[in-house]
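In this chain, residues are counted from 1 in sequence order.
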Amino acid sequence: MQLLPALESGEETLVGGQAVLEGVMMRSPHAWAIACRKPTGEVVTMSEPLDRPSEKHKWMAWPIVRGVMTLGYAMNLGYRALRFSANVAIEDVMQQEASASDAHEAPGASPVPPAQSAAEPARIPEPLLQSQSATREKAATLSNWLAAGNIILSLAFFIFMYKWLPLVAATELKKIDPALGGRIIFNLIDGGIRLVLFLLFIWGVSLWKDIRRVYQYHGAEHKTVFAFEDGKELIPSEVQKYSTYHPRCGTSFLMTVMLISIGFYMLVPYTTFWARFASRIVLLPVIAGVSYEIIRFAAKHRGSLFALMTAPGLWLQRITTQPPSDEMAQCAITALDQAMSLEKERGGELVIA
C-alpha cells in the first residue's frame, strides 16, 4: 500500500507522486524530490535527477511494455522514498532519546562552556558530533532494513491475499457445488472474493490513526498536482481549493488491475489449482501493463468507456485520500517545487499524459 501509489506518475506524466511517512514524494519526468516534516515542525527535503528509460531504449516506450517498466521503476522509487522518510523519523526519535540520556547524565550542564564567551558562536563538542554521526548511521541502517522488509512483506502479502486466498476459496466452493467449476463462473467468484478482500483491507487500515495521516498526505499530493496542472500559484490556500480525487491515482490502478484480471483469467484454459495459481503470477506483469494503458487513456479521454472502468478507483479514493491540513499541503508543495527546480535545470520537456 505504501509502494503502489508511486504508479500515479507515469513515464510521460507531467508530475505525480506518493504519500510517505509524514511527507510527500513528487516526481517529474527527469527529477524527483521528497519533503518530510519532523515532529519539531522542520521540513527535511531531498531531490535527485531521474533518467527516462524510454529515451535510451525506445522499446521501453512500447504500449503495455511501458506499463510494466513504469511499475518496476515506480516500485524502486517508492522504496527509496519510503527509506528516506523512515530514516528521517527514526533519526529524529534516536536523537531525542540520545539528548534525553545526555541530559539525565549531566543535568546541571550549561549549553555554553564557561570558558567560551556567549557572544562567540557555540561550538559543538567533538563527542556530540560523533554521537550525532553514529545516530545517523544507525538510523540509516535501520531504515534500510525496514524498507527492504516492507517490500518483501508487501509482495508476499499481495500474493497471499489476492492470489492464493481467492483461488483457495473458489476451489473449495467448486467442491461443494460442481456447477461453480465452469471457467466463467469460477473466475467471477474468484474475482468477486478478491475485490471483497481488497475493499475490506482498504477500509480496515483506514481506521488506523497513522494510516489516516498517510491518506491525508495522499490528498495533499493530489491537490497539489491538480493546482500545478491548472497553472495556479502553489500556495496552501490555492491548493486546498482542489479535489483529493485524481484519475491517475494508484488506487485507480489497483482497482483496474482487480477488474481486468477477472477477464484475463477467464482466458486461461487450466483447471488444476497449481496451474491456475502459477498463471496468476505469470500474467501479473501483462495485466499491470494493460491496466496502465487503460488508466493512461482514461486520463486523456474522460468521457470514454475506459474512463467508466476507472470510475470505481475514483470512488475508492473517498477512503484512500483525506483532506489535508495546510502544513501537509505545504509539504507537497515543497516537494513539487524541489522536483520542478531540478527539472528546469536539466531542461526536461514536460508532457501531460
Side-chain angles (χ1 to χ4, degrees), residues 1-7 64 67-68 70-72 74-75 78 149-208 211 215 249-295 298 306 308-320:
M1 290 304 300
Q2 291 167 320
L3 294 176
L4 288 177
L7 291 163
I64 300 181
V68 178
T70 297
L71 174 62
M75 290 190 67
N150 180 77
I151 288 181
I152 295 172
L153 289 176
S154 296
L155 291 175
F157 177 81
F158 178 82
I159 293 174
F160 173 77
M161 180 68 77
Y162 304 120
K163 301 300 176 184
W164 175 271
L165 277 185
L167 187 59
V168 169
T171 301
E172 292 301 317
L173 288 175
K174 184 187 70 172
K175 293 178 181 178
I176 297 174
D177 187 353
L180 302 178
R183 187 185 302 182
I184 294 177
I185 188 64
F186 180 90
N187 285 287
L188 284 175
I189 293 173
D190 173 65
I193 295 172
R194 189 181 307 112
L195 279 173
V196 170
L197 290 175
F198 175 62
L199 294 175
L200 285 175
F201 176 79
I202 293 292
W203 173 78
V205 298
S206 70
L207 301 178
W208 297 356
I211 296 298
Y215 286 171
C249 179
T251 307
S252 297
F253 177 86
L254 288 171
M255 181 60 78
T256 304
V257 167
M258 295 288 176
L259 295 174
I260 292 296
S261 63
I262 298 175
F264 265 83
Y265 297 154
M266 287 182 181
L267 302 177
V268 176
Y270 306 119
T271 57
T272 63
F273 176 86
W274 289 109
R276 280 173 166 161
F277 180 70
S279 68
R280 279 152 172 70
I281 304 300
V282 172
L283 286 175
L284 188 57
V286 179
I287 295 171
V290 173
S291 299
Y292 172 83
E293 296 300 327
I294 292 174
I295 292 289
F306 287 111
L308 293 177
M309 293 181 61
T310 62
L314 289 172
W315 302 336
L316 195 56
Q317 288 181 52
R318 295 180 181 274
I319 299 176
T320 61

Which atom pairs, one a donor and one an acceptor, fall under 3.5 Å between side chains of residues 157-174 and the rest of the protein, sequence neighbours left out?
| from | atom 1 | to | atom 2 | distance (Å) |
| --- | --- | --- | --- | --- |
| Lys163 | NZ | Tyr265 | OH | 2.5 |
| Thr171 | OG1 | Leu167 | O | 2.7 |
| Glu172 | OE2 | Lys175 | NZ | 3.4 |

Mutual orientation of the aromatic rings belonging to Phe277 and Trp274 [parallel < 30°, tilted 30-60°, perpendicular > 60°]: perpendicular
Sequence neighbours excluded, every pair satisfying side chain to side chain donor-acceptor pair (under 3.5 Å) that has a member inside residues 187-202: Asn187-Arg280, Asp190-Arg194, Asp190-Arg280, Arg194-Ser261
Please round to the nearest 0.5 Å and tell me the distance separating atom [atom1] of [X] and atom [atom2] of [Y].
{"X": "Ile281", "Y": "Arg276", "atom1": "CD1", "atom2": "CZ", "value": "15.0 Å"}
{"X": "Ile189", "Y": "Asp177", "atom1": "CD1", "atom2": "CG", "value": "8.5 Å"}
{"X": "Leu188", "Y": "Ile184", "atom1": "CG", "atom2": "CD1", "value": "7.5 Å"}

Can you list the residues that meet the side chain to side chain contact (heavy atoms under 4.5 Å, CB included) rule with [X], with sequence neighbours excluded?
{"X": "Leu316", "result": "Phe198, Leu199, Ile202, Thr251, Met255, Ile319"}
{"X": "Leu267", "result": "none"}
{"X": "Ala275", "result": "Tyr270, Thr272"}

Qualifying salt bridge (charged side-chain N to carboxylate O under 4.0 Å, His left out) pairs, either residue in residues 179-188, two or more places apart: none
Contact summary for Ala179 and Ile185, nearest pair of heavy atoms: O-CG2, 3.7 Å
Close side-chain approach of Phe264 and Val290, heavy atoms under 4.5 Å: yes
